[in-house]
Chemist: 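Here's a structure for you.
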Amino acid sequence: MRIDILTLFPNMFENIFQESILKRAIELGKVDIHLVNFRDYTEDPHHKVDDTPYGGGAGMVLMCQPIFDCVESLKGENTKVILLTPSGEVYHQKMAYDLSKEEHLILICGHYEGFDERIKSICDLEISIGDYVLTGGEIPAMVLVDSITRLLPGVIKEESYVEDSFTSPLLDYPTYTKPRVYKGMEVPEVLISGDHKKIDGYREKESIRITKEKRPDLYHE
Ligand code: ADE
């Protein structure tokens, strides 16, 4: 998969591709990530990418031209163009699965007060990572890249994600590792029993209990 990230702040991404699973996925050639500063595409002699809003109001608005030209130069036959915006569809695991099947993604990170509305006309999807406002689309783009990359074949073992929370409507059951007792807190006896039928039953019950308690919306679903 190829992912182009259109951003005015490429340095914000410096470390996240150099650690852990993302680093390995890149080294294995599973994902090819390009950081593109759309300021390089502006035709403005002063390299401007934003301007004041028509009708008045606070802040600056990203202009069409640099983003239109940048997307046009990168777009292929099988490209999905995604705008990161707090007014987009709220991101969830099923969207990550669907996007992991794509060949090429272009992620557009906004900044400042917003975008010229006409930028939406060149986008296939508008995605929000949650009901809060960040300073820009860079962190949301990182969230998409991370959640999609781990689902690409050969990046992590399939069994590591088939039981993820949100793959099923239930949240994850609790897990423990050594030692058996830590600061007086004990690992549940059943997990040490070696009886896998019992362990499966315990985990299912715990998943249901935790979902009911923490996410009644998912539980009712
Ligand atoms: N840009 C600013 N806030 C955002 C959010 N919550 N999701 C996606 N893009 C954003």
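Ligands are counted one by one from 1 in listed order, and the atoms in each one are counted from 1 as well. Side chains are part of it too, since the values below use all heavy atoms of this structure and drop only hydrogens, waters and symmetry mates.
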Chemist: Could you find the nearest protein heavy atom to atom 10 (C) of ligand 1 and give me its residue, atom name and distance?
Modeler: Pro86 CD, 3.5 Å
Chemist: For the atom pair CD1 (Ile82) and CD1 (Ile127), what is the distance rounded to the nearest 0.5 Å?
Modeler: 4.5 Å
Chemist: Side-chain donor-acceptor pair under 3.5 Å between Thr7 and Glu138, yes or no?
Modeler: yes
Chemist: State, yes or no, whether a side-chain contact exists between Ile106 and Lys80 at a heavy-atom distance under 4.5 Å.
Modeler: no
Chemist: What residue and heavy atom of the protein are closest to atom 7 (N) of ligand 1, and at what distance?
Modeler: Ile129 N, 3.0 Å
Chemist: Within the structure, is a non-hydrogen atom of Ile127 found at a distance of less than 4.0 Å from ligand 1?
Modeler: yes
Chemist: Number the atoms of ligand 1 from 1 as they appear, then name those within less than 4.0 Å of a heavy atom of Ser128, with their elements.
Modeler: 6 (N), 7 (N), 8 (C)
Chemist: In a check of side chain to side chain contact (heavy atoms under 4.5 Å, CB included) between Leu84 and each of Ile108, Leu144, Val143, Leu6, which one passes?
Modeler: Leu144
Chemist: More than 12 heavy atoms of other residues, nucleotides or ligands under 6.0 Å from CD of Glu19: yes or no?
Modeler: no
Chemist: Identify, for atom 3 (N) of ligand 1, the protein heavy atom at the shortest distance, and state residue, atom and that distance.
Modeler: Leu134 N, 3.0 Å
Chemist: To check your reading of the model: name the closest protein heavy atom to atom 6 (N) of ligand 1, its residue, and the distance in Å.
Modeler: Tyr132 O, 2.8 Å
Chemist: Going by the order shown, which atoms of ligand 1 are within less than 4.0 Å of some heavy atom of Gly130?
Modeler: 6 (N)
Chemist: I need the atoms of ligand 1 closer than 4.0 Å to a non-hydrogen atom of Gly136, numbered in the order shown.
Modeler: 1 (N), 2 (C)
Chemist: Identify the closest protein heavy atom to atom 9 (N) of ligand 1: which residue and atom is it, and at what distance?
Modeler: Thr85 N, 3.2 Å
Chemist: Considering the heavy atoms of Pro140, write down every atom of ligand 1 situated less than 4.0 Å from one of them.
Modeler: 7 (N), 8 (C), 9 (N), 10 (C)
Chemist: For Glu72, is the CD atom crowded, meaning more than 12 foreign heavy atoms sit under 6.0 Å from it?
Modeler: no
Chemist: Would you kindly say whether Asp69 and Gln65 are connected by a side-chain donor-acceptor distance under 3.5 Å?
Modeler: yes
